[in-house]
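Chain letters run A, B, ... following the sequence lines, proteins first and then strands; every chain starts at 1. This structure is a prediction, so every number in the text was calculated from the model and none was measured.
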There are 2 protein chains.
Amino acid sequence: MKLTPIMQKYILHWGEMGTRWGVNRTVAQIHALLYLSHEPLHAEEIAETLEVARSNVSTSLRELQSWGLVKIVHVMGDRRDHFESLEDLWEMFSVIMEERKRREIDPTLSMLRSCVLEGEADKATPEAIKKRVQDMLDFMETFSSWYEQMRHIPRPTLIKLFKLGSKVTNFIGKKA
Amino acid sequence: MKLTPIMQKYILHWGEMGTRWGVNRTVAQIHALLYLSHEPLHAEEIAETLEVARSNVSTSLRELQSWGLVKIVHVMGDRRDHFESLEDLWEMFSVIMEERKRREIDPTLSMLRSCVLEGEADKATPEAIKKRVQDMLDFMETFSSWYEQMRHIPRPTLIKLFKLGSKVTNFIGKKA
DNA sequence: CACTAATTTCAGTATATACTGAAATTAGTG
DNA sequence: CACTAATTTCAGTATATACTGAAATTAGTG
């Protein structure tokens, strides 16, 4: 696939951003490329377009699939696997949130809970420090349960809520 | 400072999480240590506690200060700089959001806008692809303006809003 | 303003991660 | 079921980033 300057700019920037979020450059670039592409691409084409090794593409695609951001499709008369990205951005966003929560927030909550638990019997750790741990746990649990509720709201309602922005406070202002 | 097992567990986990979010391990560990500590620490003590080079601590503290997460305080009768972390977690969270937006989202918005702009005169890029770029821009702008509104809501109202969770939809359900 | 403690800078090195290319494996096809 | 295309695995290498320790700088103190 031949990249136009606009596509190049987009993909390079995305790769750059990826690295800042703990996603490797190639993975982010492939995701960007597949998002832009209006048709599924096969691995060979991705490798040529981004000028990276075929094997690198293979690994990166596997990673993207494990996130649920990319899936395999097949094209009639072609035995190669083709890949396409989620295109709905709300969907994409929610998939990323979900995965990051599962991989990062949940383990952190476990860690915090176990710190609090061990803290009860532990006389070596000053109370002030135990309190900090407890505060962090409370904070993250508030957040986590907020998120848990948000993800069950039907998509259209959620979008409405977002577009409403700070106007929601008009309602709760009266109530609370 | 002597780390108890709980503190150690907390700090090591935090360092680990940091790396997944594009923050280097030592920076994240120092932040965790200062958050836990009920009193400001000087650089030497941080270096000893975490068993890293003094110079590394210096650089990392500078980074944390640039984020606004840590600030210098002075202790009577001691000429060394001491450091303490923000302790309010809502504050900490909002500082991190603010910085990440400034460093990552804003530049991405610029990139997307310039892609859309160049797209107008560009005949090489297929319309379908231009549309994807436009969609991404719209999505991120919705998000960004939502965030912009949220950050102007007074802290207590915001906290109320969070604790309310999905119940907010009760209100908008009737309205929208 | 000389002295010393504290801090920062920076070149060099270590470490972690990304990437390559060849070899091995898997899976379609006649 | 032999053949070949497609894909994956993996050891080796390259690259980016983190970290160290010595030297330079800064800034308090008598």
Listed by chain and number, what are the salt bridge (charged side-chain N to carboxylate O under 4.0 Å, His left out) partners of A/K130, not counting sequence neighbours? A/E127

Is a donor on one side and an acceptor on the other found under 3.5 Å between the side chain of B/S94 and the backbone of B/E91? yes

Between the protein and nucleotides 12-19 of chain C, which nitrogen or oxygen pairs come in under 3.5 angstrom?
{"residue": "C/dC19", "atom": "OP1", "partner": "A/T26", "partner atom": "OG1", "Å": "2.8"}
{"residue": "C/dC19", "atom": "OP2", "partner": "A/N24", "partner atom": "OD1", "Å": "3.4"}
{"residue": "C/dC19", "atom": "OP2", "partner": "A/T26", "partner atom": "OG1", "Å": "2.7"}
{"residue": "C/dC19", "atom": "O5'", "partner": "A/N56", "partner atom": "ND2", "Å": "3.4"}

Between C/dA6 atom P and B/L41 atom CG, what is the distance in whole Å? 15 Å

Can you tell me if the side-chain N/O atoms of B/R54 get under 4.0 Å from OP1 or OP2 in C/dT7? yes

Represent DNA chain C in dot-bracket notation, 5' to 3'. Only Watson-Crick or G-U wobble pairs with both distances under 3.5 Å count; pseudoknot-style crossings use [ ] and interstrand partners use |. ||||||||||||||||||||||||||||||

To the nearest Å, give me how far apart NE2 (A/H42) and P (D/dA6) are. 8 Å

All side-chain contact (heavy atoms from CB on, under 4.5 Å) counterparts of B/S145, not counting sequence neighbours: B/Q149

Sequence neighbours left out, what passes salt bridge (charged side-chain N to carboxylate O under 4.0 Å, His left out) with B/E120? Give chain and number order. none

What is the distance from CD1 of A/I46 to C1' of D/dA6, rounded to the nearest Å? 14 Å

Residues forming a salt bridge (charged side-chain N to carboxylate O under 4.0 Å, His left out) with A/K71, sequence neighbours excluded: A/E84

Check whether any side-chain N or O of A/S55 sits under 4.0 Å from OP1 or OP2 of C/dG21, and answer yes or no. no

Is it the case that one hydrophobic cluster holds both A/I6 and A/L12, taking links as side-chain heavy atoms less than 4.5 Å apart, direct or via other members? no

All pairs passing ring pair (Phe, Tyr, Trp, His ring centres under 6.0 Å) where residues 88-117 of chain A contributes a residue, at least two apart: A/W90-A/F162, A/W90-B/F139, A/F93-B/F139, A/F93-B/F143

Check salt bridge (charged side-chain N to carboxylate O under 4.0 Å, His left out) between A/D138 and all other residues, then give those that pass, not counting sequence neighbours. none

Hey, could you give me each pair passing side-chain hydrogen bond (donor to acceptor under 3.5 Å, both in side chains) that has a residue in residues 33-55 of chain B? Not counting sequence neighbours. B/H42-B/R80

Distance below 4.0 Å between B/R62 side-chain N/O and C/dT8 OP1 or OP2: yes

Can you tell me the distance, in whole Å, between the CZ atom of A/F83 and the C1' atom of D/dT8? 11 Å

B/E44 CD - D/dT20 C1' separation (whole Å): 14 Å

Got a sec, which pairs hit side-chain hydrogen bond (donor to acceptor under 3.5 Å, both in side chains) with one end in residues 8-23 of chain A, sequence neighbours left out? A/K9-B/S114, A/K9-B/E118, A/H13-B/T108, A/E16-A/R25, A/W21-B/E104

Residue pairs meeting ring pair (Phe, Tyr, Trp, His ring centres under 6.0 Å), one or both in residues 94-126 of chain A, sequence neighbours left out, come to none

B/L61 has an atom CG; how far is it from atom P of C/dT9, in whole Å? 13 Å

Does the protein touch nucleotides 24-30 of chain D at the base, only the backbone, or not at all? Give it as B, S and - per nucleotide, heavy atoms under 4.0 Å. ---BBS-

